[in-house]
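The next block holds one structure in the form of structure tokens; read it before the comments.
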Amino acid sequence: TPNIVNIITPNGDGINDDLTIVPLTHWEDWEMNIYNRYGTIVAIINADNQTWSGTHRQNNQPVSDGVYFYELVIRSNEVIIKKGFIHVLK
């Protein structure tokens, strides 16, 4: 499974502004959901959209600083699930 960075700083300085999932060449069917502390999905990353810039998927507004949780699901011959957290600091 891929290593996922656990901090982004979407402040426009060009350094760690985005969470980018490098193409998972071994798997074509994968999706990462990013949740806020209330369990609401704020972003969905997949093969078609591999970058999250710290914005909410519904209104494209920046999310608040804090800890967000992710669940990466890779579907191949078997289902692989990886869970973790991402700090958003501005």
Side-chain angles (χ1 to χ4, degrees):
T1 60
N3 290 324
I4 310 295
V5 299
N6 65 355
I7 188 167
I8 63 171
T9 57
N11 56 13
D13 68 357
I15 302 171
N16 298 324
D17 284 337
D18 301 317
L19 171 67
T20 301
I21 305 300
V22 294
L24 300 172
T25 56
H26 296 87
W27 304 284
E28 294 179 13
D29 186 11
W30 63 272
E31 181 174 273
M32 175 188 274
N33 292 328
I34 300 174
Y35 301 88
N36 66 15
R37 65 182 177 210
Y38 304 110
T40 303
I41 296 176
V42 297
I44 299 173
I45 303 174
N46 55 38
D48 296 325
N49 178 27
Q50 299 177 10
T51 300
W52 181 49
S53 58
T55 58
H56 198 288
R57 69 187 182 106
Q58 291 182 337
N59 59 17
N60 209 30
Q61 294 297 310
V63 297
S64 301
D65 286 6
V67 178
Y68 293 80
F69 304 92
Y70 70 81
E71 180 179 64
L72 172 63
V73 178
I74 301 169
R75 295 172 194 87
S76 60
N77 295 336
E78 61 182 306
V79 175
I80 301 167
I81 299 174
K82 182 174 182 174
K83 296 180 180 184
F85 61 91
I86 302 163
H87 289 271
V88 176
L89 302 172
K90 297 179 194 151

Check: What residues form a side-chain contact (heavy atoms from CB on, under 4.5 Å) with S64, not counting sequence neighbours?
Finding: Y68
Margin query: Test of understanding: with side-chain contact (heavy atoms from CB on, under 4.5 Å), list the residues that count as partners of V67, not counting sequence neighbours.
Written below: F69, F85, H87
Notebook entry, point to check: Does some side-chain heavy atom of V73 sit less than 4.5 Å from a side-chain heavy atom of V79?
Noted result: yes
Note to self: Using side-chain heavy atoms (C-beta onward) and a distance below 4.5 Å, is P10 in contact with V88?
What the structure shows: yes
Notebook entry, point to check: Side chain of N36, backbone of Y38: donor and acceptor closer than 3.5 Å?
Noted result: yes
Notebook entry, point to check: Is any side-chain heavy atom of W52 less than 4.5 Å from a side-chain heavy atom of I8?
Noted result: yes
Notebook entry, point to check: Of D29, I80, I81, which is the lone residue that meets side-chain contact (heavy atoms from CB on, under 4.5 Å) with R75?
Noted result: D29
Next item on the list: Evaluate the criterion side chain to side chain donor-acceptor pair (under 3.5 Å) for residue pair T55 and N60; output intermediate values, then yes/no.
Entry: CA-CA 5 Å; T55 58; N60 209 30; 3.2 Å; yes
Notebook entry, point to check: In Å and rounded to the nearest 0.5 Å, what is the CG to OG1 distance from N33 to T40?
Noted result: 12.0 Å
Check: Does a side-chain heavy-atom distance below 4.5 Å link L19 with I34?
Finding: yes
Notebook entry, point to check: Which distance, rounded to the nearest 0.5 Å, do you find between the OG1 of T9 and the CG of D17?
Noted result: 5.5 Å
Check: Got a second to check how far I41's CD1 is from R57's CZ, nearest 0.5 Å?
Finding: 5.5 Å
Next item on the list: Measure the spacing between CD of E31 and CD1 of I45 and express it to the nearest 0.5 Å.
Entry: 10.0 Å
Note to self: I need the D13 CG to N11 CG distance, nearest 0.5 Å.
What the structure shows: 4.0 Å
Note to self: Would a single hydrophobic cluster contain both V5 and M32, if residues Ile, Leu, Val, Met, Phe, Trp and Tyr are joined by side-chain heavy-atom contacts under 4.5 Å?
What the structure shows: yes
Notebook entry, point to check: Cluster question for you: counting only ILVMFWY and a side-chain heavy-atom cut-off of under 4.5 Å, with indirect links fine, are Y35 and I4 together?
Noted result: no
Check: In terms of hydrophobic clustering (I, L, V, M, F, W, Y; side-chain heavy atoms under 4.5 Å; direct or indirect links), are Y70 and L89 co-clustered?
Finding: no
